[in-house]
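These notes are about the structure you will find just below.
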Amino acid sequence: MIAFLIACPCAVSAFIAGRVFVADSRVEYSRWVESSHRVAWSGEGRYGVAQVIGADGTPEILAWDRQSGRVRAASGYRLAAVERFAAVAWLVPVSQQELTERLDGEWGAVLVSAGGAFDSVPESLLAWQLDTDAPSEALPPEPAWARWPGPDAWSATAIVDPRRGAHPATLVIETTADPAADSTVALPADVSTFDPVGWSASGRYFALAEMIPSEPVEGNGLITRRLFVVDASEARVVTTATQQVTPESGPAPVWDEGRDLLLWVEPGEDTLAGSPSSLEPAVLGLVPGGTARPAQELLGAEEGPGAGLRAAGVHRSASDGVLLESGGRLVRWSSGKEIVELWGIPPDSTSAPVYHRDGGWLVLATEYEADRARSRDLLLHLAGEMGEWEAAWTGAWRDGEK
């Protein structure tokens, strides 16, 4: 399955041995990495993972340990995927030549768990255990995400086929009643790779988000991709829904924490280009076995969240409401209640904020000198509903605008 990755270990070693990028390439790298600025939680809220730009324009991956405060960095990689349950990030080495050849947007976005992006077949793929100092060149014959136990009797394992993409291509359901018995979920034949959304509140359902949509680009610049809900007791897809996304990024669906309800935002603007589309943003909900409906109907809310939602969408849901980003602020949209503003998002943020119930909020931002002659990246953390954003990591100063 991964034979082509190990067929040329010298090439991979050459990438890892050290990549120094000349100043002339900085603008190209900055444009590419800026479009893929992403941040995510990993290891059940212990590690914050982010794609940033180094002082010389080199793409870097950060792993911030929330418990110890330590930050590890891997330079010269793009971030392909992040596991939410296990503390693992999947990386692809990137060189100056590769970037120059692929500035057509093929790598325009890279991380679905932090705002939605799409997959591509990697020339080489590395796994990084985030409690170690560097990614590993050695992948098992069948590279798999860590087994993800659910709150009930089932667990899920997602398996990567690098010939199809850097994200998983196969889902296997197991049960604690018989650990030796497992069932491979039959996904539609035209599904290439997917991002695991995770378990529903009851532990009966597991959701997937398609990574490479099969539908063509639509007239409004958006494309359609599918969401799948798997019934673990039968190890089969029982519900399929669609969501509108931009070609570069899209909303990340999440399960409500109190019930079997899948939520996501339909984007109302292209957040990368900043140009409005013909669609108004809306929060949609899906009950397994049903069809997608406005979340307002499912939550019994008195009013909808209104315009201004970022396409990154819903970041957390709970029995007392939905937390989302709207017009540069974080708000709670509660059942039967009006929208309540919680916190402001830091100015010059370059990613949508992401949430974990234990870790709190993370967001990437840019800090500028007074004359804007230099800038640097910041990884900001907000621990709870009260408090201020604090810098978990501060990057080196870079000359010139990004």
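- Taking all atoms of both residues into account, the shortest heavy-atom contact from Pro151 to Ser202 is CG-C, 4.0 Å.
- Salt bridge Arg357/Glu44: present, at least one basic N to carboxylate O contact under 4.0 Å.
- Using modelled atom types, one side-chain atom of Arg72 and one backbone atom of Leu130 make a donor-acceptor pair closer than 3.5 Å.
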Criterion ring-ring contact (aromatic ring centres under 6.0 Å, His included) on Trp148 and Phe206, from CA distance to verdict
CA-CA 10 Å; Trp148 191 337; Phe206 196 87; 5.6 Å; yes
Can Trp397 and Glu369 be said to form a side-chain hydrogen bond (donor to acceptor under 3.5 Å, both in side chains), step by step?
CA-CA 9 Å; Trp397 288 105; Glu369 288 186 327; 5.0 Å; no
Is there a side chain to side chain contact (heavy atoms under 4.5 Å, CB included) between Val39 and Val363? Walk through the geometry before answering.
CA-CA 7 Å; Val39 61; Val363 70; 5.6 Å; no
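- Under a 4.0 Å N-O distance rule, the pair Asp182/Arg147 does not qualify as a salt bridge.
- With a 4.5 Å cut-off on side-chain heavy atoms, Trp90 and Pro143 count as touching.
- Inter-residue side-chain proximity for Pro93 and Leu126 is flagged as met; some heavy-atom pair is nearer than 4.5 Å.
- In this structure, CG in Leu62 is found 6.5 Å from CG in Leu379, a value given to the nearest 0.5 Å.
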Side chains of residues 229-236: which donor-acceptor pairs under 3.5 Å do they make with residues two or more places apart or in other chains?
| from | atom 1 | to | atom 2 | distance (Å) |
| --- | --- | --- | --- | --- |
| Asp231 | OD1 | Arg204 | NE | 3.2 |
| Asp231 | OD1 | Ser233 | N | 2.9 |
| Asp231 | OD1 | Ser233 | OG | 2.5 |
| Asp231 | OD2 | Arg204 | NE | 3.1 |
| Asp231 | OD2 | Arg204 | NH2 | 2.7 |
| Glu234 | OE1 | Arg236 | NE | 2.4 |
| Glu234 | OE1 | Arg236 | NH2 | 3.0 |

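- In this structure the side chain of Leu91 reaches within 4.5 angstrom of the side chain of Leu79, judged on heavy atoms.
- A heavy-atom distance below 4.5 Å is found between the side chains of Val191 and Phe228.
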Is there a side chain to side chain contact (heavy atoms under 4.5 Å, CB included) between Trp255 and Val197? Walk through the geometry before answering.
CA-CA 8 Å; Trp255 285 107; Val197 175; 4.1 Å; yes
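- Evaluation of the side-chain contact (heavy atoms from CB on, under 4.5 Å) rule for Ser136 yields Ala138 as partners, not counting sequence neighbours.
- In this structure, Tyr47 OH and Ser68 OG are separated by 7.0 Å, a value rounded to the nearest 0.5 Å.
- The nearest pair of heavy atoms linking Thr291 to Leu286 is C-CD1, 3.5 Å.
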Residues Val237, Val185; criterion side chain to side chain contact (heavy atoms under 4.5 Å, CB included); working and verdict:
CA-CA 7 Å; Val237 175; Val185 177; 4.2 Å; yes
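- With rounding to the nearest 0.5 Å, the separation of CG in Asp152 from CH2 in Trp199 is 8.5 Å.
- Between Arg46 and Asp131 there is no salt bridge, since none of the side-chain N atoms of the basic residue sits less than 4.0 Å from a carboxylate O of the acidic one.
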Decide salt bridge (Lys or Arg N to Asp or Glu O under 4.0 Å) for Arg225 and Asp195; before the verdict, give the C-alpha distance in whole Å, the side-chain angles of both, and the deciding distance to 0.1 Å.
CA-CA 12 Å; Arg225 72 171 175 180; Asp195 184 63; over 6 Å; no
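- Taking the six-membered ring where tryptophan is involved, the planes of Trp145 and His167 are tilted, since the angle between them lies from 30° to 60°.
- Listed for the Arg66 side chain is a donor-acceptor partner under 3.5 Å among the backbone atoms of Gly45.
- A donor and an acceptor atom, one from each side chain of Asp348 and Thr366, are nowhere located under 3.5 Å apart.
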Go through Gln51 and Arg78 one step at a time and tell me if the side-chain hydrogen bond (donor to acceptor under 3.5 Å, both in side chains) criterion holds.
CA-CA 7 Å; Gln51 174 105 57; Arg78 70 176 176 93; over 6 Å; no
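- The backbone N or O of Ile159 lies less than 3.5 Å from no partner atom in the side chain of Thr170, so there is not a single donor-acceptor pair.
- Not a single donor-acceptor pair under 3.5 Å links the side chain of Thr157 to the backbone N or O of Ile173.
- Summarising the geometry of His381 relative to Ala392, their closest heavy-atom pair is CB-CB, 4.4 Å, with the distance given to 0.1 Å.
- Using a 4.5 Å heavy-atom cutoff, the side chains of Leu187 and Leu208 are in contact.
- Of all non-hydrogen atoms in Leu298 and Arg259, the two that sit nearest each other are O-NH1, 3.7 Å.
- A distance of 7.0 Å separates CD of Glu367 from OG1 of Thr394, quoted to the nearest 0.5 Å.
- Taking the six-membered ring for Trp and the full ring otherwise, Tyr77 and Trp128 have centroids separated by 6.0 Å or more.
- Counting heavy atoms from C-beta outward, Val52 and Leu364 have side chains that approach closer than 4.5 Å.
- Contact record, Asp256 with Ala201: O-CB, 4.1 Å, taken as the closest heavy-atom pair.
- A donor-acceptor pair is defined here as one N or O able to donate and one able to accept, closer than 3.5 Å; no such pair exists between the side chain of Thr193 and the backbone of Met211.
- Using a 4.0 Å cut-off between charged side-chain N and carboxylate O, Arg226 and Glu210 make a salt bridge.
- Taking every heavy atom of both residues into account, Ala166 and Ala80 meet most closely at CB-CB, 3.5 Å.
- By the 4.5 Å heavy-atom criterion applied to side chains, Trp41 and Val49 are not counted as neighbours.
- Considering CG of Leu382 and CH2 of Trp361, their distance stands at 8.5 Å, rounded to 0.5 Å.
- Rounding to the nearest 0.5 Å places CG of Leu380 at 11.5 Å from CD1 of Ile345.
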